[in-house]
Structures are given as C-alpha cells and as structure tokens.
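Note sheet for the following structure.
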Amino acid sequence: MSPSAPPSPQATEDAPRRGRRKEARPGELLDAALDLFVEKGFAATKVDEVAARAGVSKGTLFLYFPSKEDLFKAVVRENIAGRFAEWDVEVESFAGTTSELVRCCLHDWWARIGSTKASGITKLMLGEAQNFPEIALFYREEVVEPGNRLIRRILQRGVERGEFRAVDLDYAVYLVLAPLVFLTMWKHSLGACVPDSPDLSPERYIDTQADTLLRGLCVHADEAPAPPRIVGLS
C-alpha cells in the first residue's frame with residue numbers, strides 16, 4: 001500500500017478557516033436575523049431569508065436554532081436581555097448623585113441600544129405582540145420586567161438618599177420609559193421614512209427630557225423630603 005500523500009498547503013489553510021467559519025455561524029445568523037426582523041417584522045421574516053443572508057443553508061440554521069421563535073429569542077438575548085446583569089453592576093457601583101445617574105443611564109441607553117438596529121425590536125414588539133402571545137410573554141419576562149426593575153431601583157436610590165421626592169415609583173418608571181419609546185418609534189418610523197421630517201437630535205432630546213424629569217423628581221432646597229409613601233395604605 002502506497003503511503004498517503006501529505007495534505008496540500010491549500011487544504012491545510014482551509015481547515016482552520018472552516019473551523020473559524022463554523023464558530024462564527026451563530027453570530028452571523030443572529031446578525032442576519034436582527035437585520036431582517038427589524039426590516040420586515042417577525043411575521044414576515046422567513047428563516048430561508050435569514051439563512052441566505054448569513055450565507056448558510058436553512059438546515060444549518062436549524063442546527064443552531066430549532067425554530068423562528070428560538071431564533072428571535074436568541075436575537076433579543078444577544079442584543080438586549082443579556083445586558084441587564086452588566087447594567088445592574090454599573091448602577092450598583094455608580095458613585096455620583098442619582099440625578100447624574102439618571103442622565104448617565106439615559107445617554108448610555110441611546111449609545112448602546114437606541115442608536116443601534118436593536119432598538120427596532122421595540123417597534124416590532126409594539127406592532128406584533130398581540131399576534132404572538134408566546135413571544136410577548138418572553139419579551140415581558142426578559143426585557144420589560146428587568147428594565148422596569150432597574151429603573152425603579154434607580155429612582156428608589158434617589159428617594160432613599162433624600163434626593164428625590166417620594167413619588168409612586170411603580171408609575172414613575174413609565175415617566176422614564178415613555179420618552180425612550182418615543183425616540184425609538186421616531187427612529188424607526190417617521191424619522192426613517194419621511195425625508196422632510198424635522199431633524200431630531202437624540203442627545204438634545206434626552207437632555208431636555210432629563211431636565212424636565214429631574215425638575216419634577218428632585219427635592220428643592222426649600223422643600224423638606226416627604227416620607228416614602230407606601231402604596232395601598234391610607
């Protein structure tokens with residue numbers, strides 16, 4: 001039996017390249033899926049399109065993500081839900097005032113989420129959650145509720161330090177969220193498709209919203225902080 005021929009230099013080069021390609025596939029699929037979900041919505045996006053955009057077969061996609069729902073959940077975890085642990089640590093270690101923390105968080109949200117394609121997931125959920133209850137429940141548990149808890153924790157910090165008035169924290173959370181939802185909807189609707197729409201600077205908008213919010217929340221020098229209100233008790 002003749003000895004095997006040594007592998008060609010090209011084959012030796014291709015092996016690690018194929019290995020790197022295989023390792024990169026989940027990330028490439030998630031990137032392609034995010035693009036299509038934001039462009040077309042959940043219902044209109046087909047897994048064949050995601051696979052084609054990522055440069056793989058549909059069968060390869062299903063090796064990593066058994067269904068379109070699993071793919072969507074992975075996209076949300078990769079781009080939003082998976083970051084809450086990091087944000088919790090940053091809030092816990094913040095050394096400045098709570099007003100400074102609020103401003104910092106609003107601008108960080110824009111830099112990390114709002115200005116990116118991932119912010120389009122919010123618009124998708126507002127438009128399609130009613131038609132996909134399983135996806136809506138997932139999004140509520142992994143994005144909405146952790147986000148609300150984080151904002152409430154920041155506001156509670158201000159109340160406990162005597163920096164903020166004792167407000168109904170459960171509803172004050174929405175005062176922080178509503179301007180961010182508006183900014184997201186603007187970015188992915190009128191701001192994206194109406195060429196003559198007035199320019200909106202996200203940074204100036206966030207600064208203005210922070211000024212308005214903090215004027216309502218902050219305890220003024222001539223105003224003694226009220227004791228924390230316990231909702232449900234007279």
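When the side-chain contact (heavy atoms from CB on, under 4.5 Å) test is applied to Tyr174, the partners found at least two apart in sequence or on another chain are Asn148, Tyr171, Leu177. Scanning for side chain to side chain donor-acceptor pair (under 3.5 Å) contacts around Arg53 gives Glu39, with sequence neighbours left out. In this structure Ser99 satisfies the side-chain contact (heavy atoms from CB on, under 4.5 Å) test together with Thr97, Phe164, Leu214, Cys218, sequence neighbours excluded. Applying the side chain to side chain donor-acceptor pair (under 3.5 Å) criterion to Arg152, with sequence neighbours excluded, gives Asp170. Listed by chain and number, the residues in a side chain to side chain donor-acceptor pair (under 3.5 Å) with Glu128 amount to none (sequence neighbours excluded).
Here Glu49 pairs with Lys40 in a salt bridge; the nearest charged N to carboxylate O distance falls below 4.0 Å. Between Arg112 and Glu90 there is a salt bridge, since a side-chain N of the basic residue sits under 4.0 Å from a carboxylate O of the acidic one.
Sequence neighbours left out, the pairs with a member in residues 207-216 that pass salt bridge (Lys or Arg N to Asp or Glu O under 4.0 Å) are Arg103-Asp211.
Other residues, nucleotides and ligands contribute at most 12 non-hydrogen atoms within 6.0 Å of the NZ atom of Lys46.
With hydrogens and angles ignored, the 3.5 Å screen pairs no side-chain donor or acceptor of Ser119 with any backbone N or O of Ser115.
Remark: Tyr64 OH to Leu71 CG distance equals 13.0 Å, nearest 0.5 Å.
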Practice task
Apply salt bridge (Lys or Arg N to Asp or Glu O under 4.0 Å) to Glu160 and Arg153, showing your working.
Solution key: CA-CA 10 Å; Glu160 291 175 351; Arg153 180 179 164 199; over 6 Å; no
